[in-house]
**Student:** 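Sending over a structure as structure tokens; questions will come in a sec.
Atoms considered below: every heavy atom in the structure, side chains included; atoms not considered: hydrogens, waters and symmetry mates. Order of the sequence lines sets the chain letters (A, B, ...), proteins ahead of strands, with each chain counted from 1.
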Amino acid sequence: MLYSEKVMDHFANPRNVGAIEDANAVGEVGNKKCGDIMKIYMKIENDIIKDIKFKTFGCGAAVATSSMATELVKGKTVRDALAVTNKAVVEALEGLPPVKLHCSVLAEEAIRSAIADYYRRQGIDPEPIVGCSCDCNSCHDDG
Amino acid sequence: MIYVDNAATTPLKPEVLEKMTPYLTERFGNPSSIYKSGRDAKVAVNTARAAVAESLGAEEHEIYFTGSGSEADNWAVKGVAHAGKGKHIITSAVEHHAVLHAAGFLERNGYEVTYLPVDGDGLVDPDDLRTAIRGDTALVSVMTANNEIGTVQPIAALAAIARERRVPFHTDAVQAFGQIPVDVGALGVDLLSVSAHKLGGPKGVGALYIRKGTKISPLIHGGAQENGKRASTENVAGIVGFAHASELAMKGMNKNTAILLALRDDYIKKVRESVPYCRLNGHPTKRLPGNANFSFEFIEGESLLLMLDMKGIEASSGSACTSGSLDPSHVLLAIGLPHDIAHGSLRVSLSADNTQEDVDTIVAELRPIVQRLRDMSPLYEGIKK
């Protein structure tokens with residue numbers, strides 16, 4: 001199986017790895033069974049994602065998509081961040097092997113999940129804005 | 001580059017290539033042809049058959065060359081099932097996919113399959129086989145040694161149980177052959193699969209041992225090659241290479257086993273000392289001499305492999321991500337590992353060409369790589385460091 005150079009670059013030198021202690025938006029998606037878990041921390045000020053960090057348990061594609069997704073939404077308004085699709089993540093990575101496309105979906109969901117948390121902390125129902133609550137266990141049951 | 005994935009494949013030994021080359025060039029004849037170049041090729045195939053037979057303790061006419069170990073497995077499972085009346089197959093939960101999926105194919109075509117469980121070390125309990133055998137059992141197939149965790153099964157005991165009940169017994173010895181003594185008489189098996197490229201031979205050639213009198217239908221129909229049981233023009237060069245690789249493996253086994261055991265045990269000891277939260281998978285002693293399979297908690301296997309690759313170390317994993325399915329290795333799940341731990345495994349399979357320096361380099365690189373992956377793993381948050 002071949003990864004693009006861009007994927008390998010983001011895997012070998014992932015951007016924005018870590019946690020944010022005073023994060024005001026945290027989202028975690030995926031589960032142990034399918035082998036990918038992504039956790040996103042955000043510091044959002046005036047609806048702008050000032051800082052973003054991630055932690056990922058998963059394969060090379062999972063790490064690379066997490067890294068790229070954080071790069072794509074960093075500095076963006078929450079609304080613009082919500083417009084970043086898994087397709088955009090894949091394109092920015094110059095493609096993913098077909099069996100790895102689910103990783104990009106997970107990355108998009110991780111961003112949405114963190115933003116949903118941001119709204120929830122303010123007492124705002126995230127569902128009309130984010131689309132779904134996105135704190136589900138991705139598409140699989142936990143094993 | 002440090003290559004420690006010899007259970008996946010091995011480099012072709014130069015002396016094996018040397019024996020093969022004439023049959024790829026001037027001695028190109030078809031063994032079925034009547035004229036000299038054909039006869040020469042036929043003699044080469046028969047000589048090779050005798051050599052492979054000798055290394056397995058078999059008779060020459062009981063060895064049938066195939067295109068791979070997977071073909072030998074498929075042939076044994078489907079061919080024996082088809083030739084018999086029974087509609088029940090027994091195999092184990094930790095077989096190679098070549099046996100497992102062949103059994104699955106039969107299951108979808110009117111057969112019933114019993115998958116014997118294994119214990120935490122990967123061993124099949126002979127008593128489980130005893131209870132599983134029925135009047136309509138057509139075949140029992142249990143591997144000699146596991147490709148992922150290296151556990152060596154009690155084949156002689158299992159085969160004796162099948163024999164008592166007059167059920168043919170097949171064993172996939174692809175990983176064992178060349179690593180540990182494999183003698184069809186001592187094991188008491190009726191069918192046994194082997195492959196050339198696991199012991200310094202070429203890819204694309206294997207063999208199935210079929211004990212005289214065992215009923216089996218062909219898998220590949222066509223010409224009368226292989227005593228009419230397996231059609232297709234013989235891969236003469238491959239067969240010649242296979243035979244020489246087997247001879248070399250038999251000759252070097254004692255010496256190589258000593259080298260492998262020393263390297264493997266040192267590797268296991270050093271990994272345990274230097275990497276916390278790790279677990280050795282497979283039986284502590286009943287295992288292939290070159291195999292060490294560790295699970296490292298909180299990390300995923302493919303990421304580990306990619307990072308080792310960046311350091312020039314080529315190894316393997318039971319990770320889902322390398323197979324294209326989301327589920328981790330069926331072997332690691334069968335020995336009772338939880339999903340997340342099964343995802344983070346690393347199989348090192350050594351050859352006698354590996355050195356102490358290789359082992360030390362792997363251990364030295366492994367520790368910081370595992371730490372780096374743990375530091376970016378959400379599962380590692382809050383774990384006592």
**Student:** So, taking the atom named CG in B:D340 and the one named CG in A:D36, what distance separates them when rounded to the nearest 0.5 Å?
**Tutor:**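 Result: 12.5 Å between the selected atoms.
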**Student:** At what distance, to the nearest 0.5 angstrom, does CG of B:D309 lie from CE of A:M8?
**Tutor:**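 The CG atom of B:D309 sits 7.0 Å away from the CE atom of A:M8.
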**Student:** What's the shortest heavy-atom distance between B:S303 and A:G58, and which atoms?
**Tutor:**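 What the structure gives for the nearest pair is OG-O, 2.6 Å.
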**Student:** Should B:M310 and A:F11 count as side-chain neighbours, where that means a heavy-atom distance under 4.5 Å?
**Tutor:**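 Yes, their side chains come closer than 4.5 Å.
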**Student:** Inspect the surroundings of CD in A:Q122 and state if more than 12 heavy atoms from other residues, nucleotides or ligands are less than 6.0 Å away.
**Tutor:**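 Yes.
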**Student:** Once rounded to the nearest 0.5 Å, what's the spacing between atom NZ of A:K55 and atom CZ of B:R374?
**Tutor:**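 If we round to the nearest 0.5 Å, A:K55:NZ and B:R374:CZ are 13.0 Å apart.
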**Student:** Checking B:I299 against chain A: side chain, backbone, both or neither under 4.5 Å from a heavy atom?
**Tutor:**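 B:I299 touches chain A through backbone heavy atoms alone.
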**Student:** At their closest point, which heavy atom of A:F57 faces which heavy atom of B:F298, and how far apart are they?
**Tutor:**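 Where A:F57 meets B:F298 most closely, the heavy atoms are CD1-O, 3.2 Å.
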**Student:** Tell me, side chain or backbone of A:A61 under 4.5 Å from chain B's heavy atoms, or both, or neither?
**Tutor:**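 Looking at A:A61, just its backbone touches chain B.
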**Student:** For A:K6, does the NZ atom have more than 12 heavy-atom neighbours from other residues, nucleotides or ligands under 6.0 Å away?
**Tutor:**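 Counting neighbours around NZ of A:K6, 12 or fewer heavy atoms of other residues, nucleotides or ligands fall under 6.0 Å, so no.
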**Student:** Count the heavy atoms belonging to other residues, nucleotides or ligands that lie under 6.0 Å from CZ of A:R15, then report whether that count exceeds 12.
**Tutor:**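 Correct, the count exceeds 12.
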**Student:** Mark yes when over 12 heavy atoms from residues, nucleotides or ligands other than B:F105 sit less than 6.0 Å from its CZ; otherwise mark no.
**Tutor:**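 Check fails, neighbour count at 12 or below.
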**Student:** Could you tell me which residues satisfy side chain to side chain donor-acceptor pair (under 3.5 Å) with B:K270, sequence neighbours excluded, listed by chain and number?
**Tutor:**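 Partners of B:K270 under the side chain to side chain donor-acceptor pair (under 3.5 Å) test: B:D266, B:D360.
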**Student:** Hey, are the side chains of A:V63 and B:M376 touching, using non-hydrogen atoms and a 4.5 Å cut-off?
**Tutor:**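 Answer yes - side chains close enough.
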**Student:** Can you name the nearest heavy-atom pair linking A:C59 to B:E300, along with the distance?
**Tutor:**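 In terms of heavy atoms, the two residues are closest at CA-OE1, 3.0 Å.
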**Student:** Mark yes when over 12 heavy atoms from residues, nucleotides or ligands other than A:E21 sit less than 6.0 Å from its CD; otherwise mark no.
**Tutor:**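 At most 12 heavy atoms, drawn from other residues, nucleotides or ligands, come within 6.0 Å of this atom.
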**Student:** Side-chain contact, heavy-atom cut-off 4.5 Å: A:P14 with B:R372?
**Tutor:**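 Yes - at least one pair of side-chain heavy atoms lies under 4.5 Å apart.
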